[in-house]
Amino acid sequence: MATADRLKAARADQKPAAGETQSAPPIAASGVALIFEESSPGRRGVDSGGGADSAKHALELLGDDLCRTDIEGFPELSEPQVLRHFLRLSQLNFGQALQFYPLGSCTMKYNPVLNDEMAALPGFASLHPATPPHLAPGALELIARMEAALAEITGMDAVSLAPAAGAQGELAGLLMIRAWEEKRGKVRRKVIIPDTAHGTNPASCTLAGFEVVVARSGPRGYLEAAEIRRLLSDDVAALMVTNPNTLGMFEPEIQEIAAALHERGAMLYLDGANMNALLGVAKPGDMGADIVHLNLHKTFSTPHGGGGPGAGPVAVKRHLEPFLPHPRIVKRADQWEFDRDRPDSIGRLRSFHGNFGMLVRAYTYILAMGGDGLAQASRHAILNAAYVRKRLEAHFPSATREPTMHECVLTHDLDTRTGVSTLDLAKRLLDFGMHPPTIYFPLVVHGALMIEPTETESLETLESFIETMERIYAEALEDPAMVKAAPHSLKLRRIDEVTAARRPVLRWNAR
Amino acid sequence: MATADRLKAARADQKPAAGETQSAPPIAASGVALIFEESSPGRRGVDSGGGADSAKHALELLGDDLCRTDIEGFPELSEPQVLRHFLRLSQLNFGQALQFYPLGSCTMKYNPVLNDEMAALPGFASLHPATPPHLAPGALELIARMEAALAEITGMDAVSLAPAAGAQGELAGLLMIRAWEEKRGKVRRKVIIPDTAHGTNPASCTLAGFEVVVARSGPRGYLEAAEIRRLLSDDVAALMVTNPNTLGMFEPEIQEIAAALHERGAMLYLDGANMNALLGVAKPGDMGADIVHLNLHKTFSTPHGGGGPGAGPVAVKRHLEPFLPHPRIVKRADQWEFDRDRPDSIGRLRSFHGNFGMLVRAYTYILAMGGDGLAQASRHAILNAAYVRKRLEAHFPSATREPTMHECVLTHDLDTRTGVSTLDLAKRLLDFGMHPPTIYFPLVVHGALMIEPTETESLETLESFIETMERIYAEALEDPAMVKAAPHSLKLRRIDEVTAARRPVLRWNAR
Amino acid sequence: MRFIPHTEADIEVMLKTVGAAQLDDLIAHVPQNLRDTAVINLPDGRAEAEVADELTQLAARNPGATGFISFLGGGYYRHYVPAAVRAITARAEFATSYTPYQPEVSQGTTQAIFEFQTLITQLTALDVANASMYDGASAAAEAILMAHRVLPKRHVVAISRALWPDYRATIRTYLSALGTLELVDLPFDLATGEIDRAALDGLATGELLCTVTGYPNAFGVIEPLAQIVELTHRAGALAIAVTAEPLALALLKPPGALGVDIAVGEGQSFGMPLQFGGPGLGFLAGRSAQVRQMPGRLVGQTTDSEGHRAFCLTLATREQHIRRERATSNICTNHSLCALAATAYLSLMGRQGLRELAARNVELAHATRAALEAAGVRRRFTGQCFNEFVVALDAPEAALAAAERQGILAGISLANDYPELGGNLLISVTEMNTPVEIERLCGVLAGGR
Amino acid sequence: MRFIPHTEADIEVMLKTVGAAQLDDLIAHVPQNLRDTAVINLPDGRAEAEVADELTQLAARNPGATGFISFLGGGYYRHYVPAAVRAITARAEFATSYTPYQPEVSQGTTQAIFEFQTLITQLTALDVANASMYDGASAAAEAILMAHRVLPKRHVVAISRALWPDYRATIRTYLSALGTLELVDLPFDLATGEIDRAALDGLATGELLCTVTGYPNAFGVIEPLAQIVELTHRAGALAIAVTAEPLALALLKPPGALGVDIAVGEGQSFGMPLQFGGPGLGFLAGRSAQVRQMPGRLVGQTTDSEGHRAFCLTLATREQHIRRERATSNICTNHSLCALAATAYLSLMGRQGLRELAARNVELAHATRAALEAAGVRRRFTGQCFNEFVVALDAPEAALAAAERQGILAGISLANDYPELGGNLLISVTEMNTPVEIERLCGVLAGGR
Ligand SMILES: Cc1ncc(COP(=O)(O)O)c(C=O)c1O
Ligand SMILES: Cc1ncc(COP(=O)(O)O)c(C=O)c1O
C-alpha cells in the first residue's frame, strides 16, 4: 500500500466518539485498526539473527519446489506498534480483575496474581514435555499432589489431569463408561440428561456415541428420582447431571437417584462446573457420583483468558480407575514415572500431560486457600448469591422458591410490561461498568438472568449491582426505548450479531 | 464506619458519565473511590503468618511506652479489591505505550518490555546492596560495562552512575566544579545559565552554592559566544547549557564557547537531557564539555513511571575524575571492588550504588540497539521532529527559522485571534487520545508548544497528530468556546488547578 | 482470607437480610449425611510467601528445564518468546475476561481472534480458520469428524503412521466411540520417511473419507503433500494436513496451496512456553464452503448500530449452546489466550521475520545433520527436513545416557513408539541451539554411536 | 531496527517533505568536526534473545542474590513483595506515563500519589507528606535544607553518629556547598547505642537549627525520640527523625506523635525489591504550617469544572519550574512508581497486616538475639531493637568468612564506618528468615566468636 492509502486505512476504523454535551463536536477515534491495516512493507518487529541471507540459504537447502516465496498479507510492524496495538485492544475488554462479572455458571472469581508468577518459573515454563521423568521430579510431584488434592476435595478415588477443559473431561468420563461397559461385554446406548443441562453435556454424549434422553426437571426446579426411575432402562448407561444444577439448586434427591442408577447398573456422571458451591459442603463421591469433572478455570481460580485455556480434570471411583486416559503417573522405586502399561485406558485425549501450566496455577491456589479456606470460599459464595437473590426479589424474582446455592436464576416481567428484554437489561448493565449475568440460560426459565457473584466480591460491590439493577428496572418502565438502545457509554453501540451470521466475514482481506 | 456509610462513601465519588445522545440518561460511575473509602474494618489483603498473637507478643517485648496501638485510618481491603482499585486507577492514565506522547524535553520513547524482565531477574532483583563484591561480580561487571558504554557514547573519560535523576546529576557536576576549584585554592561564585534553561539548572546551582548569571539567547535562538564572553569573569565557574537547547537547536557556537570558557579557567557543563539528538551525531566530549549528565529515563528508554524513578549518570573529563561521587568501582586482581580511597570525591549523593534497577534496563537497551542502532535512533528522532515541524508550519510556525533537531518548538496566533490558549489546545488534544506537547516552555517563546515525537513513533502516528492539530486549529476559529472547554470526552472535565493551590487538601481525612 | 472480602460485620448484615443465623444455615438443605463427611482434609491455607516458596522449590526440582542443552522436539518446540508477548497476555483485561459473549465489552478479545483467524488462513492458504482448539492432536481428531460431516457416507480414515504417536492415539480415542469410522494406518517408506504412496493408492477407493498427513511429519520429514492430496482427491476424499511445527509453514508451500482441504496443527511454537506440554494451541482451517461443518468458535466482522466496524462470535448455530447434541463439536472453553499469544507473536515476527526465523531453523538443523554425518552418525531417512530429523544409532539408550551425563538432552528415542525404528533418535534443532551446543552434540553422539 | 518503525518508503516521503536528500542532511548544520568523531564504538545491536541471554548470564553471576541465607540489613531490608504489587506497577499506564502535568489524563498517578501522601502521614502522624524523594539519605539532606528555610537564622545541624554512614555522607555532600551550615556529630552512648543526651544538651543553644535522629538508628536501636525532641524543642530547634526501616513505624510510636517536626526515611521495605540498592523510595513528611518550605512534588485534591473530585500537582510555586533558582529543591523526576509500589503494598498489608508483619519481625529478631546470647554471642547495646541489632565478636572477619563458607551472609561489619565498633556485626532478621536459618546463624557465630 502507498503511504497515503495506509494512513487512510489506519484511520478508516476510527470513530468519532461523542462529547459530553450536545454542543461539543465529535472527537477522535478510539477504535483500533486491524493489525494488518497498521502494517507497512518492510517494517520489522524483531531483529532476527540470520536475516535475509539465512532465508536465501534455506531456500537453497530445501529447493524451490518445497517453498513458498512470501506470506501474503502478513503483518509488518515495529515492536512498539505491536505492543500499542494489543494494549489498546485490551482496553476494549471488561475483565474480572477490573469489573464485577457475575456470569452464572462461569465462576468469575479472583485469579490470584501469584498463580501466574508460579507458572512462569523457569523450572516449569521451560520444561519440555519429553524431558525424562528423572529430570522433572518436581513437575511429576506437583501432578501427584494435585491429583491427591482433587481426589480429597471431590471424595473420589482417582483423578486424571489430562483433559484440556470441562467439555473434554465430559468426553473422557463418557468414554470411560463406554469402555467399562465394553469390558463387561455390552454397551448401553443412552445417557439421561436433564433439560436444564449445559449444552456441552448433550454434545459430549453425541461425541461419545451415546443417545441423549432428556429428563424433565420437576415443578420445584430439581430433578426428581421418580423421573429418573421412569427413564431408566437396561439401555441407560448413565445420568449426567450438574449439581448444584443450573438453577443454582442442590439436587435434593441426588443420593436416591444415584442409588436408582446403580441398582440398574447405570452410573452417575456429575458435571462439576458448579463445584464452587460444594467445597467442604458436600463431596460428589459421597453423593454417589462415579465420575465428576472439574473446571480449574472456574472453581480453582485459573484465568478464563477470554475463552481458555482451562483444564478439566476428571475424577472417578475406583472401578473406573483402569479406564482413565493417558498419561497416568505411578511411583516406582520412590520415583514418579509415566505408566505405559494400562491396557484398559480409553487412551489419549490430547498430546503430552495436560494443561500443566494451569495445574501449577490451581495448585498454587489450593495451597493458598487450604482445606479450611476452600470450605469458606463455598460458604461465602453461597452467602453472596443468597444476598443478591433476596435483595432483588421485588422486581427480579427467583426462578425457584427453593433454596439456592452459589448462584441464583432470576426472571422479570419487563418484556411483557414494556418490551424490554433480558438482553436489553444486560446491555444496559454495561453502561454501569458491570458485566451482565449469563442470560437466557437455563433454557427452562423465561428470560433468565443467571447470577453468580462468587465469594471474592465484596458486599459493597453487590450493593452497587443491586442498586443498578433496580435503577435499570425503573428506567425500563420510564424510558424503555433508551434501555433497548443500550449501551450508550461505550466506544461501540449495540453490535449487530445477526448480520455477522448472515454474511460471515471471518478474516481480513487485503484490498 | 457502619456498612451503610461505607457503601455511601464508596459511591460518593461515582460520577454519572453522559450517554451518547441527549436522551440517554447519565450512566454510572467511572470514578474510583479512594482506597481509604473502599476500606472496611477487619478486612485483610494478606494472611500474615504471625497474626494477632504475634502482635501481642511484640508489644510485650517492646513495652507499651515504645508502641502505638493502631495506625488510624489505614486501609483494610481484600487482595482482589486492592488489585481492582489500582487497575482501575491505571485506566485513568495516558501512557507512552498506549498513546502518542510528544512531550518535549522528556523523550517519551518506547520502553522495551525486555528491560523490565531483565531487571526482575532474581540475580539482580534480590541482590542486597551490602552483598560482598565477590558474591556480586555480575552486578559490578554490569556497572563497569555501563560506565564504559556511556563514556564512549558521550566522548567523556569517566562516568558515575550514582545520581538518581538528571537534577541530581546536575548537583553532582556542580559540586565537582566547586571541589576542583577548592582544591586549586579559590572558589568562583557564578555559573552562567541561558534564559532557555530547564528550571532544574538554576535550582541546582543554588543548591550547589553558586549564583546564577543569565545569558540571553541570541536573536536566532541560540547562545552566542559573544554573549558568553561578555558575561565571563574570573568569578565564573562554569556555563551550564543544554545542547541541543530547549528550542531543539544544536548550539552552533558551542565549541567556540567551550574555548572561551576554558581560556578563562571556567568549565562547560552540558545538560544532556536532549542527548537523544546527539547519539552518534556529536559527542559532548568533543564539543569541549567538562561534564555532562544523562537521563537514562529519557535517552536510554527506562520508564518514566509517572515521575521516576530515573537515573542521572554524570560523565566527566579526566581532570574531574578524582572528584566523582561515591561509590566508584575499581578492578583489583581481576575483580571489581568498591574504591573507598578517594580523598577528593565530593562524597555521596545518596545511599548505596545508584538506581541499579534502572541501570540494568538501560544496559539492556544499549545492547539491543548497539552503537549503530543508537546512531540510527537520533537520526530518526531528528527526522520525525523535522517532519512535524514542516507539516505544521502553516498554522504553527516554528519559534526559530534555524534547523532544529529531535524536537521543535512551535507557536501560534490563536490566542490573539480567538482567545484560545496553548493550554486549551493541549486539553483539546486529549480528546483525540493524544498527550499534548510540553507547553509554555521554553519561557522565551510565546505560548510555546514543545514537540518531541521520538524515533519510536511511526509516520502514521505523526500524520494523525498533524491532522489533529490542524483540525483543532480550525475548531478554534469556528468554535473557540468549545475548544476552551476541552476536554469533552474524558471521565473528568478540565481540572481546577487554581483551587487546589489556593486551599490545599493534601491528604484524605477520615470523616 | 485475603481473597474473601467479607468482614464479620458484613456477614452479619448479609445473614440478617437473608434470614439466617449463621453461614451454615444456608446449606442446611444439603443432606446432613453429605455435610458430615464433607470436610476437606488438606492443610490449612498459607501466606503468599510460603506458597511461593513451596512452588519455587518444586520448580527448582526440574533440572531438565534449564540445566541442559536440549535437542528435544517431537511436537513441542523450543523457540524464543519475545517479552512483549508476555506483557500482552498478562493484561488483566485479556486474562480475566470470559468468552466474549457480550461483544460490546469484548472487542479486545474478538478483534484479536479475528486477527488470529486471518493469520492462520494466511499461513495455511485456506479460507477460514477457527478461534482455536485445545491442541494439535485434538484438532486433528476434530478435523476427521468435520470431514465426516462433509462426506457422511464414507468411512475409511487413512492415517499416516508417521503422524506423532500422541496424535494417532488421540484420534483413536475420539473416534473410538462413534464406531462408524474405520481407522487405517498408512505405512511410511523406510527409506524416505514419507508416506508409502503405493499403500495410499491401494486405499483410494470410494470408501475413503480422508487422509491424514503430517507436514512435516513425526520424523521431521517434509511429506510430498501435493502428491498425497492428488491421490486423496482422485478418490474423492478430503486431504487433512497436520502440522506440529507451524514455523515450517512460513517457508514451506502452504497446505491450502497444495490442495489440502483441512489444515490443523499445534501452535505452541508461536509464543507459548514449553510448560511441560500445555497449554498450547490447536488451530484448524478449511474451505469456506465447509464452514458450517467446522468445530469450535468463530469470530466474524459486523457493525454496531451506528455502522462502525465491530467483531463478535458468529455462526454459533454450529455450537452446543444452540444445537446441543447436534453440535459440530463439544468444545466450549478453547485456548483463547494462547491464540492471543500467537497473534502477538506473529505480529512481532512479521512477514519477513517469521520467514527468516524459519530459515535459521532450517540452516541450523541441516548443518547439524551434516555435521553428524561427517562424524559418522547416519541420518535415517532421505526425505527433506525442516528443523527436526532422525538419526540411526547403534546403542541409542547408551548414547542418550552419555549425553545426559554431559548435560545434553540429545533427542527422543523412537523405540517405544516405532519398534522398527529401535535404534533411532529424533533430534530437533532450533534457533535456541548455538553452534557450540551443536558441536557438543556431535561429539557425544559420534562417541556413542 | 525493531524499535524504529520507519521503512525505506517512509523515510523517502519524509525526507522529501522536509527537503532533504538523505538522513544526514538533517544534521549537516552540526559542525563537521564533531560529526567526524561521533561514531559510537560499541558492538552492533543484537536480537532480543541474545540480549536476554547476556543479561541472564550476568545476573547468574551474583551468587549473593539467591544462593545464601541472609541477615543483611543496614538500610535496605529483605521483605516479601506480594505478587499483586508487581502486577500493579507493571501496568503500562503507570510505568510509561510522565509526571502528571496533564491531570485530566493522569488521575491514576495523581490519585495514587494522594493516597501515598495520606499513608505516609498516617504512618508518621504528621500533617503533610510529599510525593516522594530519591531515597532516605537524600530525603534526610533535604529535610535539613527545609528546616533551614523554616529557621533561616540558625546554623548548627546536630547529626546523630548513629545515623547510617551513607546518610551522613549524603548530608555532608548536600550541605557542603552552602557553606552556611555547621554539621556537628552527636555521639552515641557506647552502652545503650542511643544518642548521648548530655552531648545534645550541650548543643541546645539558640544556634541549633535541628537535630537529626535515626528512628530506629543505624544500630537498630530505638532511640528515646520523645526525649530528644524535647531537648531539641527546648532550644527552639526542629527535630528531624530519619527511618530506614519504615515497617517499624507500624508498631513504634509515630514520630509526629512524639513531637518530631520533619520525618523522613527510606520506603524500600514497602514493596520494592533489593535491586542492589536502588531504586528505593525517599519519603518526607512535616507540619502543615511549613508546607510551603517542603521540597518535592505535592498532589492536592480539587474538582473538575463540573465539580467532581479530582487530583493534581499543586503548590508548584515551590518548584524549579516556577521559582527556578529560588525553588525549595532541585528535585524534578522523583520516585513516583516506587511510591505507587508502596501504596499498593501498604494497601495489601492493611491496618492489621502491617502491624502483624512488624510484630513478626520483632519476634524473630528478639528471638535471634536471645538465642545468640544463649550461645555466648554478646549483644553490643542495651537499647531496645526492632528487627536489627549489633553483636560483639572477637574476630568478626573470620566469623563472616566462616559463615559465608556455610552459605550464610551473617551481617554487616561496622568496622569500616565505626572504628570504635571494630569487632561488631549488624544483624538484621526479617520475616524472610526461618527458624532453621536462625539456628544455623547461631551455630556459626557461636563457633566463630
Ligand atoms: C455446567 C457446565 N458444564 C460444562 C461446561 C463446559 O466446560 P468447559 O467450558 O470448561 O469446556 C460449562 C462451562 O461453561 C458449564 O457451565
Ligand atoms: C533540559 C532538562 N534538564 C534537566 C532535567 C531534569 O532531569 P530529571 O527530571 O531527571 O531530574 C530535565 C527533565 O525534565 C530536562 O528536560
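Labels below follow one simple rule: chain letters A, B, ... track the order of the sequence lines, proteins then strands, and each chain is numbered from 1. Quick caveat: nothing in here was measured; it's all calculated off a predicted structure.
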Below 4.5 Å from any heavy atom of chain C, which atoms of [X] appear? Answer side chain, backbone, both or neither.
{"X": "A:Ile366", "value": "side chain"}
{"X": "A:Pro122", "value": "both"}
{"X": "A:Leu114", "value": "side chain"}
{"X": "A:Leu207", "value": "both"}
{"X": "A:Asp496", "value": "both"}
{"X": "A:Cys205", "value": "neither"}
{"X": "A:Leu506", "value": "both"}
{"X": "A:Tyr110", "value": "side chain"}
{"X": "A:Leu367", "value": "both"}
{"X": "A:Pro132", "value": "side chain"}
{"X": "A:His326", "value": "neither"}
{"X": "A:Gln255", "value": "side chain"}
{"X": "A:Ala426", "value": "side chain"}
{"X": "A:Met118", "value": "side chain"}

[X] versus chain A, heavy atoms under 4.5 Å apart: side chain, backbone, both or neither?
{"X": "C:Ile27", "answer": "side chain"}
{"X": "C:Leu26", "answer": "both"}
{"X": "C:Glu431", "answer": "neither"}
{"X": "C:Val18", "answer": "both"}
{"X": "C:Leu340", "answer": "side chain"}

Who among [options] has the most heavy-atom pairs with chain C under 4.5 Å?
{"options": "A:Ala119, A:Pro436, A:Pro137", "answer": "A:Pro137"}
{"options": "A:Asp70, A:Leu59, A:Asn295, A:Thr200", "answer": "A:Asp70"}
{"options": "A:Gly347, A:Ala501, A:Gly42", "answer": "A:Ala501"}
{"options": "A:His380, A:His304, A:Glu170, A:Arg348", "answer": "A:Arg348"}
{"options": "A:Leu279, A:Leu98, A:Leu174", "answer": "A:Leu98"}
{"options": "A:Gly45, A:Gly199, A:Ala165", "answer": "A:Gly199"}

Would you call [X]-[Y] a salt bridge at under 4.0 Å N-O?
{"X": "A:Glu152", "Y": "A:Lys283", "value": "yes"}
{"X": "C:Glu54", "Y": "C:Arg46", "value": "yes"}
{"X": "A:Arg350", "Y": "C:Asp166", "value": "no"}
{"X": "A:Glu76", "Y": "C:Arg351", "value": "yes"}

Parallel, tilted or perpendicular, as decided by the 30° and 60° cut-offs, for the rings of A:His353 and C:Phe276: tilted
Ring geometry between A:Phe36 and A:Trp508 (parallel below 30°, tilted from 30 to 60°, perpendicular above 60°): parallel
From CA spacing to verdict: side chain to side chain contact (heavy atoms under 4.5 Å, CB included), C:Glu115, A:Leu89: CA-CA 12 Å; C:Glu115 292 172 352; A:Leu89 274 187; 4.1 Å; yes
Hey, what do you get for [atom1] ([X]) to [atom2] ([Y]), rounding to the nearest 0.5 Å?
{"X": "C:Leu119", "Y": "C:Met349", "atom1": "CG", "atom2": "CE", "answer": "13.0 Å"}
{"X": "A:Leu490", "Y": "C:Gln107", "atom1": "CG", "atom2": "CD", "answer": "10.0 Å"}
{"X": "A:Leu175", "Y": "A:Gln168", "atom1": "CG", "atom2": "CD", "answer": "10.0 Å"}
{"X": "C:Arg297", "Y": "C:Asn334", "atom1": "CZ", "atom2": "CG", "answer": "5.0 Å"}
{"X": "A:Tyr387", "Y": "C:Ile11", "atom1": "OH", "atom2": "CD1", "answer": "13.0 Å"}
{"X": "A:Met287", "Y": "C:Leu34", "atom1": "CE", "atom2": "CG", "answer": "6.0 Å"}

For C:Glu104, the option from A:Arg493, A:Lys427, A:Arg494, A:Lys491 that meets salt bridge (Lys or Arg N to Asp or Glu O under 4.0 Å): A:Lys427
For chain A, which candidate among [options] shows the most heavy-atom pairs at distances under 4.5 Å?
{"options": "C:Ser106, C:Ala359, C:Ala59", "answer": "C:Ala59"}
{"options": "C:Val362, C:Thr109, C:Leu348", "answer": "C:Leu348"}
{"options": "C:Leu315, C:Thr66, C:Leu251", "answer": "C:Leu251"}
{"options": "C:Asn416, C:Val39, C:Asn41", "answer": "C:Asn41"}
{"options": "C:Arg2, C:Gln301, C:Gln117", "answer": "C:Gln301"}
{"options": "C:Gln384, C:His29, C:Arg355", "answer": "C:Arg355"}

Any donor-acceptor N/O pair, A:Asn355 side chain to A:Gly357 backbone, under 3.5 Å: no
Test of ring centre spacing under 6.0 Å for A:Tyr101 and A:Phe94: no
No-hydrogen, no-angle side-chain donor-acceptor test under 3.5 Å, A:Ser90 and A:Asn93: no
